[in-house]
Amino acid sequence: MMSDGGSIKKVKKFHHDTVMKYILMAVASVTVLIIFFIILFILGNGIGAVKEVGIWNFLTGFTWKPSIGSYGAMPLITGTILVTVGAILIALPLGLGSAIFISEIAPKRIRNILKPVCEIFAGIPSVVYGFFGLIVLVPLLRNLFPDHLLFGTSWLAGSIILGIMALPTIVSVSEDAMRAVPKSYREASMAMGATRWETTRKVVVPAAISGIAAATILGIGRAIGETMAVMMVTGNSAIIPAPLWNFFEMLRTITATLALEMPDVVSGSTHYSALFLLALVLMLMVLAINFIAKMIIKRSKRKFGDPTVPATSSKKMRAIASAVKNTPRTIWGLMLISVFMMTFILSAVIQSDMLVSFICGIIVAELFLIFTIGILLVPTGDERIPGKLQDTSKRSYMISRYSSKLIRSAVLTGAFVFVWMMASLFADTFVSVLTAFVFLAAMIAVIPLAKRLGSGIREKIAHISLTGVVAVVVLVLIVLIVDIVSKGLPALSFDFIFGYPTDGGLGGGIFPAIVGTIQLVVGTMMIAFPLGIVSGIYLAEYAKNTRSTKIIREAIDILNGTPSVVFGLFGMAALVIFLGVGYALIAGCITLAVMVLPVIIRTTEEAVLAVPKELREASLALGASKWETTMKVVVPAAFGGVVTGLILSLGRAAGETAPILFTAVVVFRSSISFSLADPVMALPYHLYFLASEVPGSTTMQYGTALVLLLLVLFMFAMASVVRYKYNKNIKW
Amino acid sequence: MIDTNVMDIDKFNLWYGEKQALIEVSMNVRKNKVTALIGPSGCGKSTLIRCMNRMNDLVDGCRVEGRMSFNGQDIYDKSTDVMLLRKKIGMIFQKPNPFPMSVRDNITYGPKIHGVTKPDELDEIVERSLRQAALWDEVHDRLEHSALSLSGGQQQRLCIARTLSINPEVILMDEPTSALDPIATSKIEDLAGELQKDYTVVIVTHNMQQAARISDYTGFMYIGRMIEFDRTDKVFSKPSDELTERYITGRFG
Ligand SMILES: Nc1ncnc2c1ncn2[C@@H]1O[C@H](COP(=O)(O)OP(=O)(O)OP(=O)(O)O)[C@@H](O)[C@H]1O
Ligand SMILES: [Mg+2]
């Protein structure tokens, strides 16, 4: 080194840096291959159903009854959508309220408690939620609505449970969005004499709106892909509720159908293929939702990142707007009347109830009205003639005047329809319409009154309601945990932990399930860790912004949003059947590994990216190669973050049921086997099995749920400790 | 000539937790005058100015002692309506901080909060405030554009217009020009002089020339204390304290 006479020429042709780069890239490409295989298997297996059933019949058929060869997916698609809509209606107000509370109102101390609480919520396995729903919520609903619910399992139960499950996503993402709103906005508002609540409502929430929208959509994505919990509480009958908003009906989601029917289906049959087609539909739904979320996030980034872009509308919108504006009023009025008449006649034909039809007509006509006024407000560009002050101020006057009216009438219409729909489930048409009208009148009367209250009082009311919302959310979590702990503790004993199940699950212990879960977790770890960490480092340190990198990232995102049951399907088709592995530990591990891979990659990448550039530059400036810098400086610095991600993903793997349902688990094993080719028992599946198939095993169920919960929460606690220590030791 | 005092500050102390940031500060703010606060970084200028409309209430662990009054009423009295106080004592910040809304919505925000609902009235306020802030001619034809699309100097004037929209008596400015280029700075300086006719202005600045040019009174602060407070011409021509002299002549430290 010292003796080469000041030369700065390359000594070796192939520097180890380049070699390492290609090795890393090769490993990262494996991820892409996996995606490719998943899509290949699902498409390949689904194609049969397309041929035999026909895509149109499949999507629009009203009967799903494989036993008679009827494969109409409509009820399943509807079921999936309905249960998700219900879940969001529950989760959005609660989630947004909690997020506002945590970000804007709570003192630091309470915030520091609530954030981990939120993480616990997110970490509880789906099957435990389902179990809780089945054993606590379902009987509760049955007692509350004895006339409407024969069994208690229903759309309502499904939506409540899914709503609770979607909450943590909504809370944490929208809380992040609100926290990201610059402090200066809040100061500016407060400095003008606005209260904290006014500031929150009029500045913080609007500024964070795209983050909140993205949070909601991510929550929807989570709810749509959920399997075990929905399957346990919705009753699983493949019918479309009548009327469509009857949330007391049972329904069946796509995910539940996959989980219920896949284990018994004959490989290669039409039924088998139809299930894959269903999975494809599910994946497309989730993809669409994630795509929308991504677009929104991207847009909001652009909005904040490049403020010089004024908020103008697209060319197409402007064209439509000027077309609407140039339409003469008479034509417009005629259109309005015909919209009303058409709705009226159509609904009279369907429902043969004049009153209902009339109301429907009015509502649709009003929606039409709102819509057209909305279009009118889109700037077309032709109003802004320079020098003509009068025109501009007139236009803006219109906008400021109408947009709030528009929002108000839309909200009122929505509320009216909603109340009417809900009331119609409990009373006849006349009474329910009356109720809705009374409600509408009350709203119209109360709104001006509320406006007259002092801002201080309004702030108090808002704070009390938000505190109430958070109290409800926390209460639910407390009830869930206390219930499981208090009833599960008595079941715990030496024999329970170290014994084998007896009497078909009624007695004995869960030793093989505990061991099986540990085996699955360890196996998953050994496969997913190397792949995930290397891919993560590659993406953060080496990947340039080329086309292939984009494809890799895209693949990871797709993998990340894919519902867990789809991984199960893939595992079954590719490993169990195609490779002939059969139900085996190895099949379960690979399936779970593929599932957690994106989480590991993403957290690794983020942790590595969080290492300050200065550290790298310091090392590179000393003449270290990129590879040396990465290994000796960057990775050690990112270690805490990486480990946290790893533990979290293991927690997820331990609690998942759907991916191992048809790849690795059996109901009972009489001995522990360490062979990779043998099937295993697992805690989540054991809990599901006991809860749904073994009546009278309540104590065993609670015991199993508790052990599973403890196992998963232990992992999360470990992750928190690691993160805490790491945050304390390293600061930049 | 005797000027009337809008604000009186007497032996005022402030602590951030354990750390005392203001020590026995006394000064007053004269009506329809520009009062400048100068002093080295970290001496407590921002802290003092943020006390005047109680923006420091937002800081955890902040504690005050002593008397600060506005038109004879104690600002820190329990019976003070902080929202009303802030309506009467507006504030402009160091970095322009318009809301991410349209220009119009930025200005109507304050009036709406304080109960103005009539569109005509709001329109009038928009035009009046923008004219007062010398911004109307530049933005009248893009009132519906995002305020973030304005230049930095325009944004700061928009913030001033936003504050003017609720007719404050006092306008506090914390280094309003430090993020701006010289041309935008001189526009804001001119504006501060203009505003003096109808409002009372308190301005924090690091720029000696600026203080000398636009202010009637100047306070020099040093490590939490008000070293000297007097008419600007006096502070700059024959300061009574040696520290002040060294600071304004740039022979500091
Ligand atoms: N929120 C806070 N918490 C704790 N200490 C603070 C806080 N804000 C300011 N301080 C401290 O109070 C002192 C005065 O700060 P202040 O911001 O008022 O100074 P300044 O004169 O405005 O300085 P500059 O000219 O740099 O803006 C400083 O020592 C600062 O560290
Ligand atoms: Mg300052």
Side-chain angles (χ1 to χ4, degrees), chain A residues 107-109 181-196 198-199 201-204 206-209 300 303-312 377 379 383-404 451-452 454-456 459, chain B residues 50 53-55 57-58 60 81-106 108-115 117-120 122-123 126-127 136 140-151 155 159 162-163 165-166 168 172:
Chain A
K108 221 182 194 164
R109 220 157 18 100
V181 173
K183 205 173 108 206
S184 66
Y185 293 170
R186 293 188 181 84
E187 284 193 327
S189 167
M190 306 279 284
M192 267 187 299
T195 59
R196 217 166 239 287
E198 281 164 339
T199 305
R201 202 164 62 94
K202 297 192 171 161
V203 177
V204 179
I209 197 71
S300 73
K303 201 170 93 196
F304 285 113
D306 185 8
T308 51
V309 180
T312 46
L377 291 180
E383 303 82 352
R384 276 214 306 113
I385 305 154
K388 273 199 170 182
L389 295 193
Q390 215 45 45
D391 276 11
T392 13
S393 72
K394 217 173 179 178
R395 238 196 74 72
S396 20
Y397 169 87
M398 261 195 36
I399 288 180
S400 63
R401 182 161 234 187
Y402 285 122
S403 53
S404 62
K451 283 225 162 119
R452 222 167 295 158
S455 57
E459 173 162 47
Chain B
R50 288 169 62 93
N53 65 348
R54 288 187 58 173
M55 285 305 280
D57 287 13
L58 304 180
D60 280 338
D81 179 346
V82 184
M83 307 308 148
L84 202 60
L85 175 79
R86 290 189 189 140
K87 177 175 184 289
K88 295 193 170 164
I89 306 182
M91 184 163 218
I92 310 295
F93 298 83
Q94 182 167 357
K95 269 226 218 94
N97 57 353
F99 298 129
M101 312 168 179
S102 68
V103 170
R104 163 188 301 277
D105 289 343
N106 261 281
T108 56
Y109 180 82
K112 278 183 181 164
I113 292 281
H114 294 291
T117 49
K118 287 206 193 84
D120 293 343
L122 288 171
D123 277 352
V126 170
E127 180 163 350
W136 175 256
H140 67 80
D141 58 347
R142 41 178 174 154
L143 293 179
E144 308 312 326
H145 281 223
S146 166
L148 300 180
S149 67
L150 301 181
S151 74
Q155 287 188 12
C159 291
R162 187 174 63 185
T163 301
S165 71
I166 47 174
L172 310 173

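The figures here come from the full heavy-atom set of this structure, side chains too, leaving out hydrogens, waters and symmetry mates. No experiment lies behind these values; they were computed from the predicted model shown.
Between chain A and the options B:Ile166, B:Leu84, B:Asp81, B:Ile89, heavy-atom pairs under 4.5 Å are most frequent for B:Ile166. Between chain A and the residues B:Leu122, B:Asn53, B:Thr117, B:Ile113, the largest count of heavy-atom pairs under 4.5 Å involves B:Ile113. Per-residue heavy-atom pair counts under 4.5 Å with chain A were compared for B:Lys88, B:Lys95, B:Arg162, and the maximum is reached by B:Arg162.
Heavy atoms closer than 4.5 Å to chain B are found in the side chain of A:Arg196, but not in its backbone. Neither the backbone nor the side chain of A:Ser455 comes within contact range of chain B; no heavy atoms are under 4.5 Å apart. Proximity to chain A (any heavy atom under 4.5 Å) is restricted, for B:Pro98, to the backbone atoms N, CA, C and O.
Taking 4.5 Å as the limit, every side-chain heavy atom of B:Met83 sits out of range of all side-chain heavy atoms of A:Met192. With contacts defined as side-chain heavy-atom distances shorter than 4.5 Å, the pair B:Phe99/A:Pro206 does not qualify. In this structure the side chain of B:Phe93 never reaches within 4.5 angstrom of the side chain of A:Ser184, judged on heavy atoms.
Using a 4.0 Å cut-off between a side-chain N of Lys or Arg and a carboxylate O of Asp or Glu, A:Glu187 and B:Arg50 qualify as a salt bridge.
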Checklist entry - After noting the C-alpha distance and the side-chain angles of B:Leu58 and A:Arg186, does the key distance pass the side-chain contact (heavy atoms from CB on, under 4.5 Å) rule? => result CA-CA 10 Å; B:Leu58 304 180; A:Arg186 293 188 181 84; over 6 Å; no
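Across every non-hydrogen atom of A:Ala188 and B:Asn97, the tightest pair is CB-ND2, 3.3 Å.
Not counting sequence neighbours, the partners of B:Asp57 by the side-chain contact (heavy atoms from CB on, under 4.5 Å) test are B:Arg54, B:Tyr76, B:Val82, B:Arg86.
Heavy atoms from other residues, nucleotides or ligands lying under 6.0 Å from NZ of A:Lys202 number more than 12.
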